[in-house]
Amino acid sequence: MTLLRQGYGRASKNIVKNYNPKIIERKWQQYWAESPELFAADNKSGKEKFYCLDMFPYPSGDGLHVGHVEGYTASDIYSRYMRMKGYNVLHPMGWDAFGLPAENYAIKTGVHPDKSTQQNIKNFTRQIKSLGLSYDWSREIDTSSLDYYKWTQWFFLFLYKNGLAYRKKAKVNWCESCKTVLANEQVENGICERCKNEVIQKDMEQWFFRITDFAEDLIKGLDKVDWPESTKVAQKNWIGKSVGTVIKFPILMKAQPSSKRTLDLRQRGEYIKVFTTRLDTIFGCTYCVIAPENELIEKLKDSVGNYKEVEKYLIKAKKKTELQRTDLAKEKTGVEMKGIQAINPFTDESVPVYVADYVLSTYGTGAVMAVPAHDERDWEFAKKYDLPVKKVIVPPALVCIPRNLEDIAAGARAEIRVESECYTEDGDLINSGKYSEMTSEKARREMAKWLEKKKLGKKTVTFKLRDWLISRQRYWGAPIPMIYCEKCGWQPVPEKDLPILLPKVKDYRPKGTSPLGTNPDFVRAECPKCKGEARRETDTMDTFVCSSWYFFRFADPKNTKEFAAEDKIKKWLPVDLYIGGAEHTVLHLLYARFFTKVLRKHGQIDFDEPFSKLRHQGIVVAEDGRKMSKSLENVINPDEIVREYGADVLRLYEMFMGPLEDSKSWNTKSIVGLKRFLDKAWSLQSRYFGGGILKAENNDKQLEVIINKLIKKVTEDIEDLKFNTAISELMIAVNEARDLVLKYTISEKTRIYFIENYFKLLSPFAPHIAEELWSQLGHKRSIFLEKWPEYDPKLIVESEKIIIIQINGKVRDQIKIRVGTSDVEVKKIAEAQDKIRKYIEGKKIKKTIYVKDKLINFVI
RNA sequence: GCCGAAGUGGUGGAAUUGGCAUACACGCGAGACUUAAAAUCUCGUGGAGUUUUCUCCUUGUGGGUUCGAGUCCCACCUUCGGCACCA
């Protein structure tokens, strides 16, 4: 073929005619494996660091999902780019190997979790390596390995010593199918996050981490980080801060259920404490409600006339699952505590007291003042039990004259709301003594002042967040390093005795108590304090404890003295770019931030947010638009795509599908487009390049412009993580260049200049083909040791611009003008165009708008 | 119900600050090459009309601001995600 050019480097001796991913991908993966220094993070280098992290996977038996590939490719592109930019990049990978998924898989297959986990890790490693991802494998970590979970246990002790780990008996979430307790974050609408079975409440003594101590910090820190807004908002909502008041309602009760004599419990210091954010509505309080779990019930039971009835209700409420209790569709239920009255401190009126399970024991004080006129839940309850409704808030008066119809409409709506009798917004007070006519806001302030003076109430901040329940009655996790002694109580395992080895047990299936308890050698222990006989804690830790600190370990993964050395943490942390799924919004991301804040508070580190920049990869759904799942048989296995098209094509395809954070549907048919693209890129070094057919004129300049513009665009797009448009620019450039080169003669120098830069730009996206083409040009060093190209600003400035001509905003024509042509001249040229003359002839031009280098618009 | 994100051709999607809507890719149609198919290459491809280097319409719906709106404002509809009796 006459167009075939040879004679460049190794290509001359070793012509590779067609792009064959199978051969070159194997070849370069092997090369990279033999040159680990290429992608290793350098502890000693003085170059600026960049820590680019993926959420590490749990090595499930299903192998890698195309969703993994998406996130990992994105972070790989960015890491390769940053290395070429001259940064010292830390890009590690590891295994979140402990936990329910691994364990459930082991149970299903009958293979011991230790063994199956190692098998799965092997498979994941093979798959990840087949994608050509540039991880620093020397830092690989495995949370189920001894030298890792030793430090997970150390963290437990660290929290314990600082009063942040404690044991308490509480109503906890229990999954009957997983046979373990769960954290609140692991229960979704009363359903177990893992197995999707119903979760029930149980009273159990368990280990907790005091994450609520950091609620305020966890909210504040979100303002400092570059995270998706939706994730920040979701975390804030989860933490659920509200500012309100705790008010003490004095209690009146009968001395005996039958007697007429009443006792005021103020002398005993007993009050019904309620929490409200709407203190301004207190004159409308017509009854009080306490949660079935409120301990006040027990204290008052002797004077409750209908205690039998109350008790029945309590038992019924206790039986309900979380799901049943929070079912919004269900009618509210409750029972009055006859003989008990609460006194509204503002009106001195006494109101009845109810027990009802629409009040949660776990939020606020477990009791509320009910204002049916201004709270929908109270309204519903009052209607059902025929309780009085007292209106104390009216919508704010319309002081200004409505400017337009819309304002009037808005006003009209406000009136309608009042008609509906339950008005829940702020407004102006009525029927509220000296507070009447104040705005809600002012009334809250004034009332709070009065309460504080009378010592009957206090401004209080409450959070929805609860402490993190971390113990699990499961086998496959890090044992909790605590020992119980009959004499000395709970004692922490001395640090020198770590790690507490996860014992081998025969039967690791969940049974309701930890399988570790079946191993007597494990349970038997010596009390660290009195050296007497004691027993070990047999529960293991929630797997989220392991993943709450793994990003520190990557800085110093082999350290046997500390979880990570101070100088290494200083060098690498915080994480500069973190990529992972959005499903961890209130789980891992919240816990990891909590751990970071604990370390900061206790002087271990000097920053308080672990992940400076966070991006989520969108969900990849199946072709039919449904979630990929085994039961639907619509799962795409990355291995098959790699086998058929190669890793480079798969990488490009997943990046080209759309914006990183959008969810997108898989379409196998479209993959071929990316294969065609790489075929064209491949052809740059052989078939077309350098032998124009026409050779009509030299056109080096145009090719230089193409590549310089491309450098600019691709660089900017990578910086913004807009990989889909970066790839489209690469496609455009290869098409343009091919057209040019087919028509014109290009000098050798320009040819090399173009393709070398082009391959560099392509390299983060499709590393194998880039490395191959680079080597075919005769280069002995990896392309990934090259500097990222920079564009020449002079070469991207165009000398001519196309100006759009509009008449009344409609495009009618366009003209080409030289840059720098004056406004007046452009106008003249535009008016002179035939098509334009047709429109403006005989008409008066009212206005002319000229946007420099863009358009001219005549208004007639 | 509340909070968040998003609605653009047959499909995935593109579009600095308001300035040529539909880039790039898939698919589809026509043609070239071939005994044939695949691959590859070339051309076409939002809709309607038509006097075909022409006109009108088109970014979920309805209004508005502007010389000019996918982009800004108001109202609504739909989809997805999160939270949900949190007082």
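Lettering follows sequence order; numbering is per chain, from 1.
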S.K.: Does a salt bridge link R278(A) with D426(A), judged by any charged N lying under 4.0 Å from a carboxylate O?
M.R.: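 Yes, R278(A) and D426(A) are salt-bridged.
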
S.K.: When you measure from the side-chain N and O atoms of K722(A) to the phosphate of A15(B), is any distance below 4.0 Å, counting only OP1 and OP2?
M.R.: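 Checking K722(A) against A15(B): at least one side-chain N or O falls below 4.0 Å of OP1 or OP2.
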
S.K.: For F544(A), check ring-ring contact (aromatic ring centres under 6.0 Å, His included) against everything at least two apart and list the hits.
M.R.: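 For F544(A) the ring-ring contact (aromatic ring centres under 6.0 Å, His included) partners, ignoring immediate neighbours, are Y591(A).
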
S.K.: Identify each atom pair where a protein N or O and an N or O of nucleotides 53-55 of chain B are less than 3.5 Å apart, giving names and distance.
M.R.:
| unit_1 | atom_1 | unit_2 | atom_2 | d |
| --- | --- | --- | --- | --- |
| U55(B) | OP1 | Y839(A) | OH | 2.7 |

S.K.: Who passes side-chain contact (heavy atoms from CB on, under 4.5 Å) against A443(A), sequence neighbours left out?
M.R.: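 For A443(A), the residues satisfying side-chain contact (heavy atoms from CB on, under 4.5 Å) (neighbours in sequence not counted) are D280(A), L429(A), M438(A), M447(A).
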
S.K.: G18(B) and C72(B): how far apart are their P atoms, nearest whole angstrom?
M.R.: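 Approximately 8 Å lies between the P atom of G18(B) and that of C72(B).
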
S.K.: What string of B, S and - do you get for nucleotides 18-33 of chain B, 5' to 3', when a contact is any protein heavy atom under 4.0 Å?
M.R.: -BBS-BBSSS------

S.K.: Which residues pass the salt bridge (Lys or Arg N to Asp or Glu O under 4.0 Å) test with K390(A), sequence neighbours left out?
M.R.: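 K390(A) satisfies salt bridge (Lys or Arg N to Asp or Glu O under 4.0 Å) with no residue once adjacent residues are dropped.
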
S.K.: Roughly how many Å apart are U45(B) and G9(B), using the C1' atom of each and rounding to a whole number?
M.R.: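 Going atom to atom, C1' in each nucleotide, I get 10 Å.
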
S.K.: What interatomic distance, in whole Å, is found between P of G29(B) and the corresponding atom of A21(B)?
M.R.: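 It comes out at 30 Å once rounded to the nearest Å.
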
S.K.: Using a strict threshold of under 4.0 Å (side-chain N to carboxylate O), is an ion pair present between E661(A) and R615(A)?
M.R.: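 Looking at E661(A) together with R615(A), the answer is no, because their closest N to O distance does not fall below 4.0 Å.
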
S.K.: Rounded to whole angstrom units, what separation is found between the CG atom of D375(A) and the P atom of A84(B)?
M.R.: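 Spelled out: CG on D375(A) to P on A84(B) is 18 Å.
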
S.K.: Want to settle it: does K664(A) or K712(A) sit nearer the 5' end of RNA chain B, counting the closest nucleotide to each?
M.R.: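 That would be K664(A).
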
S.K.: Which whole number of Å gives the distance between the P atom of A75(B) and that of G4(B)?
M.R.: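 Roughly 14 Å separates the two P atoms.
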
S.K.: Listing request: all salt bridge (Lys or Arg N to Asp or Glu O under 4.0 Å) pairs with a residue in residues 720-730 of chain A, at least two apart in sequence or in separate chains.
M.R.: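 Passing the test, one end in residues 720-730 of chain A: K713(A)-E729(A).
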
S.K.: Could you work out which one of C3(B), A87(B), G13(B) sits closest to the side chain of P659(A)?
M.R.: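 Comparing C3(B), A87(B), G13(B) against the side chain of P659(A), the answer is G13(B).
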
S.K.: Whole angstroms only, please: what is the CD-C1' distance between E654(A) and G12(B)?
M.R.: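 Answer to the nearest Å: 13 Å.
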
S.K.: May I ask you to say what V359(A) touches in the nucleic acid, namely base, sugar-phosphate or nothing, with a heavy-atom cut-off under 4.0 Å?
M.R.: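 If one applies the 4.0 Å heavy-atom cut-off, V359(A) turns out to touch a base.
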
S.K.: Categorize T362(A) for me: base, sugar-phosphate, or nothing, with a 4.0 angstrom heavy-atom threshold over every strand shown.
M.R.: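 Nothing, no heavy atom under 4.0 Å.
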
S.K.: Syn versus anti for G9(B), judged by chi lying within 90° of 0?
M.R.: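 Chi for G9(B) falls in the syn range.
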
S.K.: Would you measure the distance from the C1' atom in G27(B) across to the matching atom in U16(B) and give it in whole Å?
M.R.: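 Rounded to whole Å, the distance is 31 Å.
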
S.K.: On a whole-Å scale, what distance lies between the P atoms belonging to C2(B) and A48(B)?
M.R.: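 Those two atoms are separated by 42 Å.
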
S.K.: What form does the base of U40(B) take, syn (within 90° of 0) or anti?
M.R.: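 U40(B): anti.
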
S.K.: Apply side-chain contact (heavy atoms from CB on, under 4.5 Å) to K232(A) and list each qualifying residue two or more places apart in sequence or on a separate chain.
M.R.: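 With neighbours one apart ignored, the set is L222(A), V225(A), W227(A), E229(A).
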
S.K.: Using atom C1' in both nucleotides, what's the gap between G70(B) and U17(B) to the nearest angstrom?
M.R.: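 To the nearest whole Å, 15 Å.
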
S.K.: Please identify each residue that fulfils ring-ring contact (aromatic ring centres under 6.0 Å, His included) with Y287(A), with sequence neighbours left out.
M.R.: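 Only Y354(A), F381(A) meet the ring-ring contact (aromatic ring centres under 6.0 Å, His included) criterion with Y287(A).
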
S.K.: Within the 3.5 Å criterion, strictly below it, is a donor on Y313(A) or T333(A) matched to an acceptor on the partner's side chain?
M.R.: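 The answer is yes; a qualifying pair exists.
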
S.K.: Mind listing the side-chain donor-acceptor pairs of residues 238-249 of chain A below 3.5 Å, one per line with the distance, residues two or more places apart or on another chain?
M.R.:
| unit_1 | atom_1 | unit_2 | atom_2 | d |
| --- | --- | --- | --- | --- |
| W238(A) | NE1 | E185(A) | OE2 | 3.0 |
| K241(A) | NZ | E216(A) | OE1 | 3.3 |
| K241(A) | NZ | E216(A) | OE2 | 2.7 |
| S242(A) | OG | Y363(A) | OH | 2.8 |

S.K.: Mapping G658(A) and F858(A) onto RNA chain B by nearest heavy atom, which one lands closer to the 5' end?
M.R.: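 Its nucleotide being nearer the 5' end, the pick is G658(A).
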
S.K.: Taking CZ from R278(A) and C1' from A87(B), how many angstroms apart are they, rounded to a whole number?
M.R.: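 Computing the R278(A):CZ to A87(B):C1' distance gives 11 Å.
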
S.K.: Once you round it to whole Å, what is the distance between P of A15(B) and NZ of K713(A)?
M.R.: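 For the pair K713(A) NZ and A15(B) P, the rounded distance is 11 Å.
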
S.K.: Round to the nearest Å and state the distance from K236(A) atom NZ to G4(B) atom C1'.
M.R.: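 Rounding to the nearest Å, NZ of K236(A) and C1' of G4(B) are 12 Å apart.
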
S.K.: Checking all strands, does K627(A) fall into the base, sugar-phosphate, or nothing category for heavy-atom contacts under 4.0 angstrom?
M.R.: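 The residue K627(A) makes no contact with any strand.
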
S.K.: Kindly say whether the aromatic ring centers of Y423(A) and W379(A) come within a distance under 6.0 Å.
M.R.: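 That pair fails the under 6.0 Å test.
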
S.K.: Take atom CD1 of I803(A) and atom P of G68(B), then tell me their distance rounded to the nearest Å.
M.R.: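 Checked: the CD1 to P distance equals 20 Å.
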
S.K.: Sequence neighbours excluded, which residues qualify as side-chain contact (heavy atoms from CB on, under 4.5 Å) partners of K669(A)?
M.R.: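 For K669(A) the side-chain contact (heavy atoms from CB on, under 4.5 Å) partners, ignoring immediate neighbours, are N667(A).
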
S.K.: Should stems be defined as at least three consecutive Watson-Crick or G-U pairs with both distances under 3.5 angstrom, which of them involve RNA chain B?
M.R.: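 Stems found: B:1-7 with B:77-83, B:10-12 with B:24-26, B:27-32 with B:40-45, B:46-49 with B:54-57, B:60-64 with B:72-76.
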
S.K.: P atom, U8(B) versus C80(B): distance in rounded Å?
M.R.: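 Rounded to whole Å, the distance is 14 Å.
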
S.K.: Using a 4.0 Å heavy-atom cut-off across all strands, classify V859(A) as base, sugar-phosphate, or nothing.
M.R.: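 The residue V859(A) makes sugar-phosphate contact but no base contact.
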
S.K.: Round to the nearest Å and state the distance from E193(A) atom CD to G82(B) atom C1'.
M.R.: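 One finds 14 Å between C1' of G82(B) and CD of E193(A), rounded.
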
S.K.: Taking atom C1' of C85(B) as reference, at what distance in whole Å does atom NZ of K464(A) sit?
M.R.: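 The distance from NZ of K464(A) to C1' of C85(B) comes to 11 Å, rounded to the nearest Å.
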
S.K.: Taking only residues two or more places apart in sequence or in another chain, which ones pass ring-ring contact (aromatic ring centres under 6.0 Å, His included) with F723(A)?
M.R.: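 Partners of F723(A) by the ring-ring contact (aromatic ring centres under 6.0 Å, His included) criterion come out as none, since no residue qualifies.
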
S.K.: Under 4.0 Å from OP1 or OP2 of A87(B): is there any side-chain N or O of Y363(A) that close?
M.R.: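 Yes, because at least one side-chain N or O of Y363(A) sits under 4.0 Å from OP1 or OP2 of A87(B).
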
S.K.: Looking across every strand, which nucleic acid part, if any, lies under 4.0 Å from T231(A) by heavy atom: base, sugar-phosphate, or nothing?
M.R.: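 It contacts nothing in the nucleic acid.
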
S.K.: Identify whether the distance between the nearest side-chain nitrogen and carboxylate oxygen of K384(A) and E380(A) falls below 4.0 Å.
M.R.: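 E380(A) and K384(A): not salt-bridged.
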
